Amino acid sequence: MPYSTTPVSLDIPSTLRHQCSLHTSRDGHLVGIIAFEGQSPNLTWQDLEYMRRRCEELSLMAFPDYIAAFIVDLRGLVALLDGDSPILPWRIAEDECPVRVIVSNAQRAHYSSVLEPAWLAWDLDATLKDMREFLDTNYH
């Protein structure tokens, strides 16, 4: 007699969307960029888990090499994260990988009190310029 099993899905239902991209510095360091979009004013557990998993997936991919710096762009989110929302991958934190979270001017006041102030940025191009200089100067 065969044992019964129930199929399950690992997909997380979420209204959020994401877009990933990479930037390579002059010395070949990879900067991973993930931007989230969502129009809902409130985030559910599924939304937070969706964000955490997408960040984790990007941080673990070995493109030609692993990501040396990480940028999370929250400008496309209507909802605001609180300080207890663990969306950043453990590897990024443990490897002391440079992290920046890009927020809009309207989100600045909220995230200044929630996230590490050194992580906050407002402009992608300026952030990439700073990360390039840091990586190319400090890691060879």
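Source: prediction; values computed, not measured.
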Would you mind reporting whether Val101 and Glu116 have side-chain heavy atoms less than 4.5 Å apart?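 No - every pair of side-chain heavy atoms lies 4.5 Å or more apart.
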Under the side-chain contact (heavy atoms from CB on, under 4.5 Å) criterion, do Ile102 and Asp123 qualify, and how do the steps go? CA-CA 7 Å; Ile102 300 180; Asp123 179 74; over 6 Å; no
Verify the cluster assignment for [X] and [Y]: are they in a single hydrophobic cluster under the rule of side-chain heavy atoms below 4.5 Å apart?
{"X": "Leu60", "Y": "Phe70", "result": "no"}
{"X": "Met61", "Y": "Met51", "result": "yes"}
{"X": "Leu115", "Y": "Val78", "result": "no"}

Distance in Å, [X] [atom1] paired with [Y] [atom2], rounded so as to fall on 0.5 Å steps:
{"X": "Ser112", "Y": "Trp119", "atom1": "OG", "atom2": "CH2", "answer": "14.0 Å"}
{"X": "Met131", "Y": "Asp136", "atom1": "CE", "atom2": "CG", "answer": "12.5 Å"}
{"X": "Leu58", "Y": "Leu22", "atom1": "CG", "atom2": "CG", "answer": "6.5 Å"}
{"X": "Leu43", "Y": "Leu80", "atom1": "CG", "atom2": "CG", "answer": "8.5 Å"}
{"X": "Ile12", "Y": "Arg53", "atom1": "CD1", "atom2": "CZ", "answer": "3.5 Å"}
{"X": "His110", "Y": "Leu74", "atom1": "NE2", "atom2": "CG", "answer": "9.5 Å"}

Should the ring pair Tyr50 and His18 be called parallel, tilted or perpendicular, given that the plane angle runs from 0 to 90° and is split at 30 and 60?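 Taking His18 first and then Tyr50, their aromatic rings stand perpendicular (interplane angle over 60°).
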For [X] and [Y], work out which heavy atoms get closest and say how close.
{"X": "Arg75", "Y": "Ser104", "value": "CG-N, 3.5 Å"}
{"X": "Ala69", "Y": "Ile67", "value": "O-CG2, 2.7 Å"}
{"X": "Ser40", "Y": "Thr15", "value": "CB-OG1, 4.4 Å"}
{"X": "Val31", "Y": "Ile71", "value": "CG1-CD1, 3.8 Å"}
{"X": "Gln39", "Y": "Gly76", "value": "NE2-O, 4.3 Å"}
{"X": "Leu135", "Y": "His29", "value": "O-NE2, 3.5 Å"}

Counting distance only, does the side-chain N/O of [X] pair as donor-acceptor with the main-chain N or O of [Y] below 3.5 Å?
{"X": "Thr24", "Y": "Gly28", "result": "no"}
{"X": "Ser85", "Y": "Leu81", "result": "no"}
{"X": "Thr137", "Y": "Phe134", "result": "no"}

Going through the distances and angles, do Phe36 and Arg54 end up as a side-chain contact (heavy atoms from CB on, under 4.5 Å)? CA-CA 10 Å; Phe36 291 101; Arg54 299 299 87 82; 4.2 Å; yes
Using distance alone, with no hydrogens and no angle criterion, decide if Thr127 and Asp130 have a side-chain donor and acceptor under 3.5 Å apart.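 Short answer, no.
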Could you go step by step and tell me if Val103 and Trp122 meet the side-chain contact (heavy atoms from CB on, under 4.5 Å) rule? CA-CA 5 Å; Val103 298; Trp122 341 115; 3.6 Å; yes
Let me see the working for Ile34 and Asp73 under side-chain contact (heavy atoms from CB on, under 4.5 Å), right down to the final yes or no. CA-CA 6 Å; Ile34 187 164; Asp73 189 344; over 6 Å; no
Salt bridge (Lys or Arg N to Asp or Glu O under 4.0 Å) for Lys129 and Glu133? Distances and angles first, verdict last. CA-CA 6 Å; Lys129 180 182 180 291; Glu133 290 173 3; 2.9 Å; yes
One thing to verify: whether Arg52 and Glu49 come together as a salt bridge, which I'm taking to mean a side-chain N less than 4.0 angstrom from a carboxylate O.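 Here Glu49 pairs with Arg52 in a salt bridge, since their nearest N and O are under 4.0 Å apart.
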